[in-house]
Protein chains: 2
Amino acid sequence: MSAPEPRTPDRAEEAARAPLSKQRLRLWLRMLEATRHIEARLRDELRTEHDSTLPRFDVLAALYRRPAGLRMSELSAMLKVSNGNVTGIVERLAGEGHVERLRVEGDRRAMRVRLTEDGRARFAEMAGWHEARVNELLKDITAEELDPAIELLARIGRDQHDADGRD
Amino acid sequence: MSAPEPRTPDRAEEAARAPLSKQRLRLWLRMLEATRHIEARLRDELRTEHDSTLPRFDVLAALYRRPAGLRMSELSAMLKVSNGNVTGIVERLAGEGHVERLRVEGDRRAMRVRLTEDGRARFAEMAGWHEARVNELLKDITAEELDPAIELLARIGRDQHDADGRD
DNA sequence: GCCACATATTTCAAGCCTGAAATTTTAGGC
DNA sequence: GCCTAAAATTTCAGGCTTGAAATATGTGGC
């Protein structure tokens, strides 16, 4: 009875199963890297060329599509950040004259935030630059690659809560 | 001389050229969304279950692979964050006893940071959890999808500096 | 009308992050 | 042996972010 010689427990299996988890980890790391790379570029140019920031841009973008404005809580839900966070960003944007805060008729707790004319013009300007810049940063991605990649990332970002398993 | 009736400037072109830029923009937005989704989940669990944070985890991970330790500047280059940032994170990790700061023989400006035994054990623990959690969050990504997606993201993250065009 | 609970928002402490300015030390030229 | 520039790091101000606590207001039952 010679011992079964464990060696490498199961070569074929290791090359097929274990790596799946490792590959997913690798995917995550690359995704993080890519995102940070682009964010860094955008942030830098936004700061030096437009004297603004990514979070401010995000808020302006959300408000741009809603001429009537949004409540603080709608804004934070839309951007998926905390209420307190939005308070600070809107405060600074208001200080710069890009947004205005209005009381809501009939609910004195609520606040409606809206772009000013200046904010609207300012964002339109930045939006063009933003799209062009992203297009450049992603110029190596071909037309055929785009759709599958978008679909894949959408699948990841989608809230897969209470579907079947955990969560 | 009737006016040229601008209408829609060039339908065929708009359906072929303009959307490419829009699609890249969409890709970027989905990527950002996906990344934030996963980061939020990891951060939350890291905080509630492991009493730690993502940045601390990143530092521990970098040090884990270098038993001899790393200089502050090597660490910040590796993680692609500023020097000042690393100073703070390492300071907190040192306070928790997970890393130690040693002077470098022959260069009194430099600092070598190394995992303590405790830090090493602590990270090993978290690393297993981390891989499992990421694997779960990406469970919908199939084996066939992984390689192309990793390659694509690597292409985006890769520093495409001074290649041909700008930058 | 009052009370309990829910909602909308702000405030706050703690941590993360950057870019710029300081600090300390090293290295080279003379 | 000095002096200047470069290198390694820290310090700092300003801003982003979260989660928890505080404030203020609204709503429904009684």
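Every heavy atom of this structure was used, including side-chain atoms; hydrogens, water molecules and symmetry mates were not. Numbered from 1 within each chain, the chains take letters A, B, ... in sequence-line order. As the structure is a prediction and not an experimental result, all values here were calculated from the model.
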N/O donor-acceptor pair under 3.5 Å between B:Arg155 side chain and A:Asp140 backbone: yes

- prompt: Nearest-Å distance, CG (B:Asn83) to P (D:dC12)?
  reply: 16 Å

field: Phosphate OP1/OP2 of D:dG19 contacted by B:Arg43 side-chain N/O (<4.0 Å)
entry: no

- prompt: Counting heavy atoms not belonging to B:Arg26, are there more than 12 under 6.0 Å from its CZ?
  reply: no

- request: Let me know, please, whether A:Asp44 or A:Val104 comes out on the 5' side of the other along DNA chain C by nearest nucleotide.
  value: A:Val104

Within the sub-3.5 Å range, which N or O atoms of nucleotides 20-26 of chain C have a protein N or O partner, and how far apart are they?
| residue | atom | partner | partner atom | Å |
| --- | --- | --- | --- | --- |
| C:dT26 | OP1 | B:Arg108 | N | 3.0 |

- prompt: For C:dT18, does OP1 or OP2 lie under 4.0 Å from any side-chain N or O of B:Asn85?
  reply: yes

- prompt: Under 6.0 Å from the CG atom of A:Asp51, do we count more than 12 heavy atoms belonging to anything else shown?
  reply: no

- request: Taking atom types as modelled, find out whether B:Ser21 and A:Glu131 have a side-chain donor-acceptor pair closer than 3.5 angstrom.
  value: yes

message: Can you list, in residue-number order, the parts of residues 51-64 of chain B that come under 4.0 Å of DNA chain C, counting heavy atoms only?
response: B:Thr53, B:Pro55, B:Arg56

message: Rounded to whole Å, please give me the gap between CG in A:Leu93 and P in D:dG15.
response: 12 Å

task: May I have the distance from A:Met111 (atom CE) to C:dT11 (atom P), rounded to whole angstrom?
output: 10 Å

Note: B:Glu100-B:Arg112 ion pair, threshold 4.0 Å (strictly below): no

- request: With DNA chain D as reference, determine whether A:Val86 or B:Arg112 sits nearer its 5' end, using the nearest nucleotide of each.
  value: B:Arg112

- request: Assess the side chains of B:Glu45 and B:Trp129: does a donor N or O sit below 3.5 Å from an acceptor N or O?
  value: yes

message: I need the CG-C1' distance between A:Leu70 and C:dA8, as an integer number of Å.
response: 14 Å

message: So for atom CZ, which belongs to A:Arg101, do other residues, nucleotides or ligands contribute more than 12 heavy atoms lying within a distance under 6.0 Å?
response: yes

field: Distance below 4.0 Å between B:Ser73 side-chain N/O and D:dT9 OP1 or OP2
entry: yes

- request: Scan for ring-ring contact (aromatic ring centres under 6.0 Å, His included) pairs involving residues 58-100 of chain A, sequence neighbours excluded, and state none if there are none.
  value: A:Tyr64-A:Phe123

- line: Among the nucleotides D:dG19, C:dC17, D:dA8, whichever has the atom closest to the side chain of B:Ala110 is D:dA8

query: Counting side-chain heavy atoms from CB outward, which of D:dA8, D:dC16, C:dT9 is closest to A:Met72?
result: C:dT9

